Number of protein chains: 2
Amino acid sequence: MEELPRYRQVYETLRRAIADGRYVPGDLLPSEHDLCQEYALARPTVRKALDQLVADGYIQKHQGKGSIVKGAPRGIGILSLTGTTSAVGRPDFFTRIILKPELRPWTEAFGFPINALEQQAGCIYFERLRVLDDAPVFLDITMLPNIGLPNFTAYNLENASLFNFLRTQYQITVTGGTQQLLAIRADKRQREYLHVKSGSPILQLNRKIETSRPGFHIYSQVFCSTRKYGLIGTF
Amino acid sequence: MEELPRYRQVYETLRRAIADGRYVPGDLLPSEHDLCQEYALARPTVRKALDQLVADGYIQKHQGKGSIVKGAPRGIGILSLTGTTSAVGRPDFFTRIILKPELRPWTEAFGFPINALEQQAGCIYFERLRVLDDAPVFLDITMLPNIGLPNFTAYNLENASLFNFLRTQYQITVTGGTQQLLAIRADKRQREYLHVKSGSPILQLNRKIETSRPGFHIYSQVFCSTRKYGLIGTF
DNA sequence: CATACAAATTTGTATATACAGGTTTCCAAC
DNA sequence: GTTGGAAACCTGTATATACAAATTTGTATG
């Protein structure tokens, strides 16, 4: 097991403390000076952790005042997804496989261009339904190139985060991505899976996800009913 | 005129170079060492600029390799909005005032709770239509508390960015925010302004924007037709 | 020619330090 | 008591430095 960088450890510790409610919105985090002493680190290191918390919307900083806790980002965190943060992080969030991973030729990648290497390698395709509180929320179509993923189709992704899976099995981590957002009318298929009326407005999210393995991208298309939950993000 | 921090200047210079196409996707930026020499700065300063470019999706970094240009984020950058970056940044993007700023009592702030100070001060309310390429794209409803904004309603916001306006007139800058995203059916009013058919799916964005002035928030509701343009963001 | 290894290059992490600028606190002067 | 201002505290910016880790390049050896 490789060790996380220290600024990451501080980030995770503080993030969890906020998410668990040990800090209430409005609270002041310990000053950078105090955090340095507590973790025996230099200030730039602590600041890097705090910068990440600001970027993820957990805190807000004010010069001369301190770091004010804003609380854990609420809602279904698919827009944020910053680093390993995000995570829907609710115990009642389940994943159901609709279509098991299978090998296909590429046709297109939700509007994103694919490179020759990906084209040649073929496409691992699968579909999942994300269920929250017994109600279907996301319909998730994933495509990724069949490059250096031995036995991928043999594994069972049920209730396992794809990102965690790729990280533990293949040492592939997410480094960033691009997404396009549209409002569309639900078609028959989406209607059935998401339990909405035909023609209801739903969100369509086309995502190209960059990874630590150069040239290896994950393409994902998400359909989402926002009747019960809106998508939430911070900036 | 106050001076921008140096890391910000480097960021802006490189960002513009990428946006203007002086770097093509796939190109390598000069190494951090070279940039240090070019701008006569220390490496942490240059790195801070590059970190920002990564966060905004302009480049991608690989250890041992360098900074790879990804290109300017395409689409209408309302989700990104990272810092002062974002900016739609297209010359054919215009703003039309539908309803001039007027003083109102608060009723609600698009689902966000408002504090007592804001409640008491009253609400400056106005509506704008954002037009791109002769086609209406955003319908934008803005509410902000009437605190320390002398003569606000007297100014003309036509074709002026609200954020730039607040910064130059009142030294208020945007530090972050939260947004909720929904897919809805266009009602009669939205249909007329956005030129879509009644019942068409459109995006609704409820935003609470934090500023450098503590306790001063901007509340904004945006309706957006994604028929021609999708909203694009990076993470 | 091909392989293996060493060296150079480049980004990642971390420390120590300094000063500027905003905020709060507290005390002295009026 | 109130006001003014100094001091303490806190975050923002910037530098100089060191070593680790990944990648590329060059070189020498078989």
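Fair warning: this is a prediction, and the values are worked out from it, not measured in the lab. Residue numbers start from 1 in every chain, and the chains themselves are labelled A, B, ... in the order their sequence lines are given, proteins ahead of strands.
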Taking atom [atom2] of [N] as reference, at what distance in whole Å does atom [atom1] of [X] sit?
| X | N | atom1 | atom2 | result |
| --- | --- | --- | --- | --- |
| Gln9(A) | dT13(C) | CD | C1' | 12 Å |
| His33(B) | dA18(D) | NE2 | P | 14 Å |
| Arg43(B) | dT9(C) | CZ | P | 14 Å |
| Gln37(A) | dA16(C) | CD | P | 12 Å |
| Lys61(B) | dG12(C) | NZ | C1' | 8 Å |

What's the closest nucleotide to the Gln63(A) side chain, out of dA14(C), dT13(D), dG12(D)?
-> dG12(D)
If you check the Ala42(A) side chain, which of dT11(C), dA16(C), dG21(C) turns out closest?
-> dA16(C)
In terms of side-chain heavy atoms, does [X] have a donor or acceptor partner in [Y] at a distance below 3.5 Å?
| X | Y | value |
| --- | --- | --- |
| Tyr219(B) | Glu118(B) | yes |
| Glu12(B) | Tyr7(B) | no |
| Tyr58(A) | Gln60(A) | no |

For Trp106(A) against Leu144(A), the heavy-atom pair lying closest together | CZ2-C, 3.9 Å
Over all atoms of both residues, closest heavy-atom pair of Leu166(A) and Phe152(A) | CD2-CE1, 4.1 Å
Considering just the side-chain nitrogens and oxygens of [X], establish if one lies under 4.0 Å of OP1 or OP2 belonging to [N].
| X | N | result |
| --- | --- | --- |
| Arg6(A) | dT15(C) | yes |
| Arg47(B) | dT11(C) | no |
| Thr45(B) | dT13(D) | no |
| Lys48(A) | dA14(C) | no |
| Tyr7(B) | dA14(D) | no |

Verify, without hydrogens or angle tests, whether Thr45(A) (side chain) and Leu41(A) (backbone) share a donor-acceptor contact under 3.5 angstrom.
-> no
Base, sugar-phosphate, or nothing for Leu41(B), non-hydrogen atoms under 4.0 angstrom?
-> sugar-phosphate
May I ask you to say whether Lys100(A) pairs ionically with Glu102(A), meaning some side-chain N is under 4.0 Å from a carboxylate O?
-> no
No-H, no-angle donor-acceptor pair, Arg8(B) side chain to dG12(D) base, under 3.5 Å = no
Between the protein and nucleotides 24-26 of chain C, which nitrogen or oxygen pairs come in under 3.5 angstrom?
none

First of Ser67(A) and Pro44(A) reached from the 5' end of DNA chain D, by closest nucleotide = Ser67(A)
